[in-house]
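Taking it in order: structure first as C-alpha cells, then the write-up.
What you see is a predicted model, and the numbers here were worked out from it, not measured in a lab. For this chain, numbers begin at 1 and follow the sequence in order.
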Amino acid sequence: MNTGRLLIAGAFTGLMISACNNPRKHATTDSLAIRQQYAESPVLTPAQSLDKIQVENGFSVQLVASEPMVVVPVAMTFDERGRLWVAEMTGYMPDTVGTGEDARNGKIVILEDTTGDGAMDKRTVFLDSLVLPRALCIVGNGILVAEPPKLWYYTFDGDRPGKKTLVDSLYTVGGNVEHQPNGLVRAMDNWIYNAKSDKRYRFDGGRWLKEDTHFRGQWGISQDNYGRLFYNNNSENLLGDYFSAGLGAGNPNQRKVDGFDENIVPDNKVYPLRPNMGVNRGYMKGVLDDSLRLVNFTAACGPLVYRGGLYGHGFEGNAFVAEPSANLIKRNILENQGYKVKGRQAYKGREFLASTDERFRPVNLHLGPDGAMYVLDMYRGIIQHKTYLTPYLKNEIGARDLTQPLNCGRIYRVVPTGVNPGPVKITGDLVPYLLHANGWVRDKAQQMIVDGQNRQLAPALRERLHDAAQPLAAIHALWALEGLHALTLADVLPLLRQPDAALRSQAITVLPAVMSSGNAKEVAAVLEEMMADSLQAPVVTLILPALKKKDASAAARLLQQAWRSYPNNRVVADAVISNVKDKEAELLSAIEAWNPDTNLVIRRHLDKVLSDIANRRKSRMDDALLKEYPRGNLIFKTICQTCHGADGEGIQSLAPPLNHSELVTGKKERLIAIVLYGLTGPVTVNGKLYKSPEINGDMPGIINNDEFSDGDIAQLLSFIRNAWGNKAEKVTEKDIQLVKQKYKGREKSFTMEELK
C-alpha cells in the first residue's frame, strides 16, 4: 500500500514562526482562525518567495534561476564546465484532472552563468517536445534522458542533440508519473542507478549494459563518499545501503537482502513553518496537529548526502531530505557504526530550511561543483497526481486557487553566509581533481577519466592509489582504474592491508574486476583470512559469486566458512543466501546436518526464502486470466504493481502482499471498500502485522479518479482475486455500485478495525 503522493507528493501551507524555535501548538490553537488567516495563497515573485525562506543560522539562500529562465524543474545535473542541465516537466498536472498531461511540452535545457556571480543568465534549449521528462545523466559525449517509457542517449553536437540511441525501451514499465523510475545517479562503481527501479546501466566498450540490482526508493537518489546509495519513499525520511551498490542482488528469490534498503533515519517527524491544510490526507486524524501543521513526512523525496567541503566538517556526510508538502528541507546526521549506517535528525522542533510560501515545492536536492546544495523548486500549487487526489485536497486547491500558474520554477543554492563561491570548471590534468574537497568534483573527474578511456593516466592513478594519507582520493583512483580496465590484482592486494576500513572494503568490492582463473587461489586465500574479521565478512561473502565463476570449490569453501562462523548474523546470513540462487534447499540441508537448531538466523532466513519460492511457483500467471481481464491487468500494472510487485508479493517499505492475502480473497465488499476509499495502516495480512518501519504509509483510494469506470474497477479486483495463487469469486459492476451506495459521501480511508 502506498500513500500515492507524487513524484513528489501532496500539496500545502505554513505559519510564520522562527526556524530556530518552532514548537508544536496544541488544543489552544483555533483551527478555524488559522484557516481564515491562510485562506489565500498568493503567487509570489522569486524575490518575495526567497524572502519567505528561513534557513539555519550561518547560511544564506541565493536565487540561481527562476521563470522564464527555468520552468517546473524536477531533475538536474552539472557538466564539467559548471553549466546546469535541467529537466522541465511542464506538463505535470495542469489541473486537478490532469488535462493535457500528455502534451509534448517538456524540455531539457542548459543554464549557464556567464558572469560568474552564481546566477544563471543564459538559457539554451537542448531538447524539446518531450512528454514528462524525469531524469538525466551526462555520460561521455552525450546525455541520458528518461522520457517514459523509454531511456534515450543523445550524443552532443555542440549544444544540440546528435545521434539518438535507445538504451532501454522499458525504462518505466507500468506505473503512473509518480511511480516510475528516476534518478540516474552515476555511482562510485561506474554504474548508473535509479530510484523506483531494480535496474542499473553502464556504457562500456561502446555498448550499453543493463543489469538487475536492488529495488530502491521512490523519488531521488544520492551516494556517499563510499558509493553507498541513499533514497526514501514518501513516508520515510531516509533509507539506504550499508555496502556498495552493485553487491548482493544475485539471487532473485530473495525479497529482501539485509544491508540494503535499510531504514537509516527512523524518525519521520517534520516541523513546518506554517499550516499544511492542503496535504492529500489532511482530513485524517493524526496527519495534522492542532495547529494544522503536518506531523510526519508525506512527500519525502530528493535526498542528498552532502559531500561539498563548503559547509564545514559538521555537515560533511549529512543527509538532506526535501518535503514539498510541508515546504521544507530536513537535515539528518549520519554515523558509521562498523559496516552499518545509522542516522538521526539534526534538530528537534525545527528544520534546516523552511518556507512560509505554500507554493515553495523543493522536489530534488543536488550537490554543485561549487560545493553548495542546489534546490529544485517546482513552485506550484498542485504536486499531487490525479490518480490519488482526494476530494478534500481538490477543495483545498479550489479554495486557495492553487491550480495556476503553471509556468513558474526556481532553483536556489544554499551557501555559508558571506560566501559567494565561484564556478568550478574541470580542465586539463584530471587526476589531481581526485584530491578535491568537493565530492562532486572528485566524482566528475573520475567519470571523465573513465569516459575518456585514456590508459596513459594509469601510472598517475596508481600513485594516488597508494597514498594512505588520502583515502578518498585512493578510492576514486581505484574505481577509475577499474573503469579504464587497467586495474590489476597487484594494485588491489596492498589496499587490503590498509588501516582505513572503508578503503579495505572498497578493495574487496572491486576484486571481481581483477579475478581470473589464474589468480583465483591467491584471491581465495586472502578472502579466507579477511572472513575472520566480522566487519569485513559481509562484503567478502557478497563477492563470492564472482569467485565462483573462477574457482567454484574455493567459493564453496568460503561460503561454508561464512555461515558456520556467523550463523546468527542477519547481514552475513542474507549475503550467504545471495550466493545460492536455486540452491537454497541444498544449503538448508547442509545447515541442518551441521546444526539442527531451527532458531539460527540463517535457518529462519532460508525458510522464508524457500516459502516465497514455493508461493511463487503456485502463482505463475494464467494466460487465460489475462485474456479475461485485460483492463484489470493493465490497471494493475499502472496503479498497483509499483507498490505490491508484479508477483503480488509486496515491496519492501511500500506495501504488503496481495498474493494469498485474506483482504484480497475474503469478502469482496471489504476489498471493494479498500480500493475505493483507501486503507490506513497498520495492516494485518495472513496474521502478520505490517507497520512502520516495514510498511509506512496508507493505501490511497481511487473512487475520485474519473479514469476508471465501475467496470474497470470490477475487472481489476477480479484480476487480483484470481491472479498468482489466489482463487476467489469475481467482482461485478453491480458489486461496485452497491458499495458506493452504502458509503456515499465518505471521504476518509478505512482502518482495519472498521473493516472488521
- [ ] Check ring pair (Phe, Tyr, Trp, His ring centres under 6.0 Å) between Trp440 and all other residues, then give those that pass, not counting sequence neighbours.
- [x] none
Task: side-chain contact (heavy atoms from CB on, under 4.5 Å) partners of Ala249, counting only residues at least two apart - done: His214
- [ ] Enter the distance from Asn276:CG to Glu396:CD here, rounded to the nearest 0.5 Å.
- [x] 10.5 Å
Task: Candidate pair Val185 and Ile192, rule side-chain contact (heavy atoms from CB on, under 4.5 Å), full reasoning - done: CA-CA 5 Å; Val185 64; Ile192 298 165; over 6 Å; no
- [ ] Rounded to the nearest 0.5 Å, what's the gap from OG1 on Thr403 to CD1 on Ile397? Could you check?
- [x] 6.0 Å
Open item on the list: Any non-hydrogen side-chain atom of Val131 less than 4.5 Å from a side-chain atom of Glu147?
Closed with: yes
Open item on the list: Testing Asn234, Ile329, Thr298 one by one against Glu323 for a side-chain contact (heavy atoms from CB on, under 4.5 Å), which residue passes?
Closed with: Thr298
TODO: Look at the side chain of Thr90 and the backbone N and O of Asn105, then say whether any donor-acceptor pair between them is shorter than 3.5 Å.
DONE: yes
TODO: Can you sort out the partners of Arg123 under side-chain contact (heavy atoms from CB on, under 4.5 Å), two or more places apart, ordered by chain and number?
DONE: Met69, Glu88, Lys107, Val109, Leu111, Val125
Open item on the list: Just to verify, what does Tyr347 make a ring pair (Phe, Tyr, Trp, His ring centres under 6.0 Å) with, not counting sequence neighbours?
Closed with: none
- [ ] Side-chain contact test, heavy atoms from C-beta onward, threshold under 4.5 Å: evaluate it for Leu406 versus Val72 and give yes or no.
- [x] no
Task: ring pair (Phe, Tyr, Trp, His ring centres under 6.0 Å) partners of Tyr171, counting only residues at least two apart - done: none
TODO: Can you run down the salt bridge (Lys or Arg N to Asp or Glu O under 4.0 Å) pairs that involve residues 305-314, sequence neighbours left out, and say none if there aren't any?
DONE: Arg307-Asp443
- [ ] Could you go through the side-chain contact (heavy atoms from CB on, under 4.5 Å) check for Thr509 and Leu247 one step at a time?
- [x] CA-CA 8 Å; Thr509 302; Leu247 301 178; 4.0 Å; yes
- [ ] Spell out, as yes or no, whether a donor-acceptor pair under 3.5 Å connects the side chain of Glu316 to the backbone of Gly309.
- [x] yes
Under 3.5 Å, side-chain donor or acceptor atoms of residues 418-425 against the rest of the protein: list the pairs with distances, not counting sequence neighbours.
| unit_1 | atom_1 | unit_2 | atom_2 | d |
| --- | --- | --- | --- | --- |
| Asn420 | OD1 | Arg413 | NH2 | 2.7 |

- [ ] Identify, with sequence neighbours excluded, every residue that meets side-chain contact (heavy atoms from CB on, under 4.5 Å) alongside Ser66.
- [x] Pro46, Leu63, Arg410
TODO: Ignoring hydrogens and angles, tell me if any N or O in the side chain of Asp121 forms a donor-acceptor pair with the backbone of Thr114 under 3.5 Å.
DONE: yes
TODO: Could you list all the ring pair (Phe, Tyr, Trp, His ring centres under 6.0 Å) pairs where at least one residue sits in residues 362-381, not counting sequence neighbours?
DONE: Phe78-Tyr374
Open item on the list: The criterion is ring pair (Phe, Tyr, Trp, His ring centres under 6.0 Å); which residues satisfy it with Tyr306, sequence neighbours excluded?
Closed with: Tyr311
Open item on the list: I want to check something: taking the side chain as every heavy atom from C-beta on, are Val74 and Asn364 in contact at a cut-off of under 4.5 Å?
Closed with: no
- [ ] Go through the steps for Tyr226 and Leu472 under the test side-chain contact (heavy atoms from CB on, under 4.5 Å), then give the verdict.
- [x] CA-CA 8 Å; Tyr226 311 109; Leu472 292 183; 3.8 Å; yes
Open item on the list: For Gly227, is there any backbone N or O sitting under 3.5 Å from a side-chain donor or acceptor partner on Asp224?
Closed with: yes
Task: Atom pair CG (Asn332) and CD1 (Ile264), whose distance is rounded to the nearest 0.5 Å - done: 10.5 Å
- [ ] Would you kindly check if the NZ (Lys) or CZ (Arg) of Arg331 is within the cone defined by 45 degrees around the ring axis of Phe315 and under 6.0 Å from the six-membered ring centre?
- [x] yes
Task: Donor-acceptor contact below 3.5 Å, side chain Tyr193 vs main chain Ile221 - done: no
Task: Donor + acceptor pair across side chains of Tyr271, Arg350 (<3.5 Å) - done: no
- [ ] Quick one: list whatever passes side-chain contact (heavy atoms from CB on, under 4.5 Å) with Asn190, sequence neighbours left out.
- [x] Arg202, Gln446, Val450, Trp479, Glu482
Task: With sequence neighbours excluded, residues passing salt bridge (Lys or Arg N to Asp or Glu O under 4.0 Å) with Asp113 - done: none
Task: Side-chain donor or acceptor of Asn232 paired with backbone N/O of Asn237 under 3.5 Å - done: yes
Open item on the list: I'd like to know if the side chain of Asn327 and the backbone of Arg359 have a donor-acceptor N/O pair within less than 3.5 Å.
Closed with: no
